[in-house]
Amino acid sequence: MSDTHAQTVAYVRDTMLEPKPAPSTQTGAVKWLRDNLFSSWLNAALTVAGLLVVYLLFTHFFPWFRHSVWNADSLKECRDIITGEFGEGATGACWGVIRERWHQFMFGFYPPELYWRPVLVFVLLFVALAPILFTHLPRALLSFSAIYPLLAIWLLWGGSVWPVVMTGAGFVLGYLALKLLGNVNGIIAGIAAFAVPILFWMFAVGPIDDLLKQIVPISIQSVDSDEFGGFLLAITIGVGGIVMSLPLGIILALGRQSDMFLVKSFSVIFIEFIRGVPLITLLFVASLLLNYFLPPGTSFDIILRVMILVTLFAAAYIAEVIRGGLAALPRGQYEAADALGLDYWKAQRFIILPQALKISIPGIVSTFIGMFKDTTLVVFVGLFDPLKGIPDFIRSVFEWKGIYWEPFIFVGAIFFILNFSMSRYSMYLERKLKRDHR
Amino acid sequence: MKKTVFLGTLAAAGLTAGMAAATTLEDVVARGELNCGVNTGLVGFAAPDANGNWTGFDVAVCKAVAAAVLGDASKVKYVPTTGQTRFTALASGEIDVLARNTTWTFSRDTDLKLDFVGVNYYDGQGFMVRKDLGVTSAKELDGASVCIQTGTTTELNLADYFKANNMSYQPITVDSNAEGEQQYLAGACDAYTTDASGLAATRAAFADPENHVILPEIISKEPLGPAVRHGDNQWGDIVMWTLNALIAAEEYGVTSANVEELSKGTENPEINRLLGVEGELGAMIGLDKDFGKRAIMASGNYGEIFAATIGESTPIGLARGLNAQWTQGGLLYSPPFR
């Protein structure tokens, strides 16, 4: 074809043809719709049915939301405003109840002049959590995270500062015992780390506490547990339970894998018992049955009781989730740890648990989310949870009697925000820790 | 065998420990606060306002007892109890008095080891239906679906009533009053049944009260009253005579307005004994002679409490009915202060 030149052929096109637009069925919204919503007759029918349901829901509920009233002090006032603005027979949401009782949804019956204390605790919670959740933050912040629980307890319940300091001192003593005796003998150090703080709390704290109270009386107004309520209560129990149940769950999971008969059987019995009993039963035990066994006159704080049982409950589930993670590790990992000459705890710390926990993240976070929502069950033992306890109080005042959906929607929305954040964080963590197939 | 002996010893030890404990009165005085079990929220009877202050008909009993025993009506810790927790809370000593619209029944008084010290409200169970249903009597409810709270005496009464009248019904069980209202308004049931006082409050809070009627039949006796534990009769007497003082005060015309005036001494020896001007009645129950006066000053006499919390001038608008003084054709009748 070497003789095919411009001179030899009659006509040669010297510009490119303009590209034609793709057929209208293969581009843009139409293509997307065809691919995703109307790809077959069945899908088309389902799409239409789905749209119909959305339309019905929207037309059914939208007017109710559109007729929202914020500035009313009673349900009747709300109804009058809605009737006045939107005509006879119109229905609408009465958010005035949230506006008027906002503080009760948040704090229950906590003394209003002390609201700054829970708020401060809540803000500091994020400061304490930040270095744990995000590893690129300065490690020095971790020391604040360590003292945060005691600080939070003191700020929330108030009273003298010394019992809280003494509790912290017990932990420090236990740590010192572990460090000092660790060089001598591992087992003795382990036992001492448990025994020293317990002996300290049982025998030494009382006198030292009394002495310090007289010398340096630092104390703030104390608040009783039955004044807690609403989200303050739910978050206190939820965060306390989450913080305590994770370590306990890890120990139980390891105990269940252990070769030692006593440790193994204790872990199995504990986990199976707790998982076999409904949480409400345990809560009733916490609030009612314990009173019969404790000597008359002992008052064992109800929130503490509930928190302990919620912790035990969540720990049993977390133990099983982590056991799943442990089981998913290839046997080679255990053998590799042995081959490196690591002892049991080192092998767990450096090789086994980091991988097992990473695998278990979705399950652990699901357990946490479930536990946080379960805190609303405390209504059955007479605590004022935000979902039922507080709204029931509000409805029992004549002004708000008959209000039903608004508190549920409001509380549900807040729970959603908190749980959704937890879920998003766990996905971030999974992505960050992903070491394979990158 | 050995185990039984061991358990028995333990139980005996527990019992003696319990008996050795101080009386309820000593406990309350030492604590400086009355633990009063109330409803977790019932319109007119017990409810906290936006600032957390409790008011209501049952709450007034708590206040009167606290005033009589401790001299200060505000020294009350209100312990909200549910239908399930109320009796255990009392039995375990968590609360000193249960003033939670609790029906006085045989088995509760005996088997559950409570002592009902009197009646502060004579209630009865009624029905509410939509007006357009055209029902005018509970006898026409054959085959109806009825919304009913579980775990209450009303549930049992309903079954008894329909059985006795040879009618059938379909129960729609609900957990709380709020849920019951919602089900009823949504048309899930034809009739809603609960105590007549509760029905009146519920109907008054509807958007369209004129479209609902409360049927005339009252199908049960619900004497609601404060209860204490079995076994501490002195404490039972204190609560009983505090309540009686409120009732007697209305009968004799002693109100929170004139109690100060009357306690200087009157012609009527019964009033004088009630207010501690004459006699030493208070000492007989371990209190001082002014206990009656303080109880009345807490929130007024029975009639004043009724009018302020659930009476006809309130939105709930209950008539005195059975709860009028015996001189007015009601059932309130305080034994003499003598």
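Numbered from 1 within each chain, the chains take letters A, B, ... in sequence-line order. Please read all numbers here as calculations on a predicted model, not as lab measurements.
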Interface moiety of B/Asn53 toward chain A, non-hydrogen atoms closer than 4.5 Å: neither
Considering only heavy atoms, which portion of B/Phe206 lies under 4.5 Å from any heavy atom of chain A: side chain, backbone, both, or neither? backbone
Measure the shortest side-chain to side-chain distance between B/Ile316 and A/Phe398 over non-hydrogen atoms and say whether it is less than 4.5 angstrom. yes
Can A/Phe380 and B/Thr85 be said to form a side-chain contact (heavy atoms from CB on, under 4.5 Å), step by step? CA-CA 8 Å; A/Phe380 290 107; B/Thr85 59; over 6 Å; no
If contact means a heavy atom pair closer than 4.5 Å, which residues of residues 44-52 of chain B contact chain A? B/Gly44, B/Ala46, B/Ala47, B/Pro48, B/Asp49, B/Ala50, B/Asn51, B/Gly52
Apply side-chain contact (heavy atoms from CB on, under 4.5 Å) to residues B/Trp54 and A/Phe393 and explain how you reach the verdict. CA-CA 10 Å; B/Trp54 287 80; A/Phe393 278 122; 3.1 Å; yes
What residues of residues 402-415 of chain A sit under 4.5 Å from chain B when only non-hydrogen atoms are counted? A/Gly402, A/Tyr404, A/Trp405
Between CG of A/Asp392 and CG of B/Asp175, what distance do you get to the nearest 0.5 Å? 8.5 Å
Nearest-0.5 Å distance, CG of residue B/Asn35 to CG of residue A/Asp226: 8.5 Å
Is the shortest heavy-atom distance from the side chain of A/Lys401 to the side chain of B/Leu42 under 4.5 Å? no
Counting only heavy atoms closer than 4.5 Å, note whether B/Thr202 contacts chain A via side chain, backbone, both or neither. both
Might you confirm whether atom CH2 of A/Trp64 has over 12 heavy atoms from other residues, nucleotides or ligands at distances under 6.0 Å? yes
Checking A/Lys388 against B/Ser176 for the side-chain contact (heavy atoms from CB on, under 4.5 Å) test, could you report, in this order, the C-alpha distance in whole Å, the side-chain angles of both residues, the deciding distance, and whether it holds? CA-CA 10 Å; A/Lys388 189 158 161 27; B/Ser176 66; 3.9 Å; yes
Gap separating the CZ atom of A/Arg79 from the CG atom of B/Asp208, nearest 0.5 angstrom: 8.0 Å
Verify the neighbour count for atom CZ of A/Phe61: are there more than 12 heavy atoms of other residues, nucleotides or ligands below 6.0 Å? no
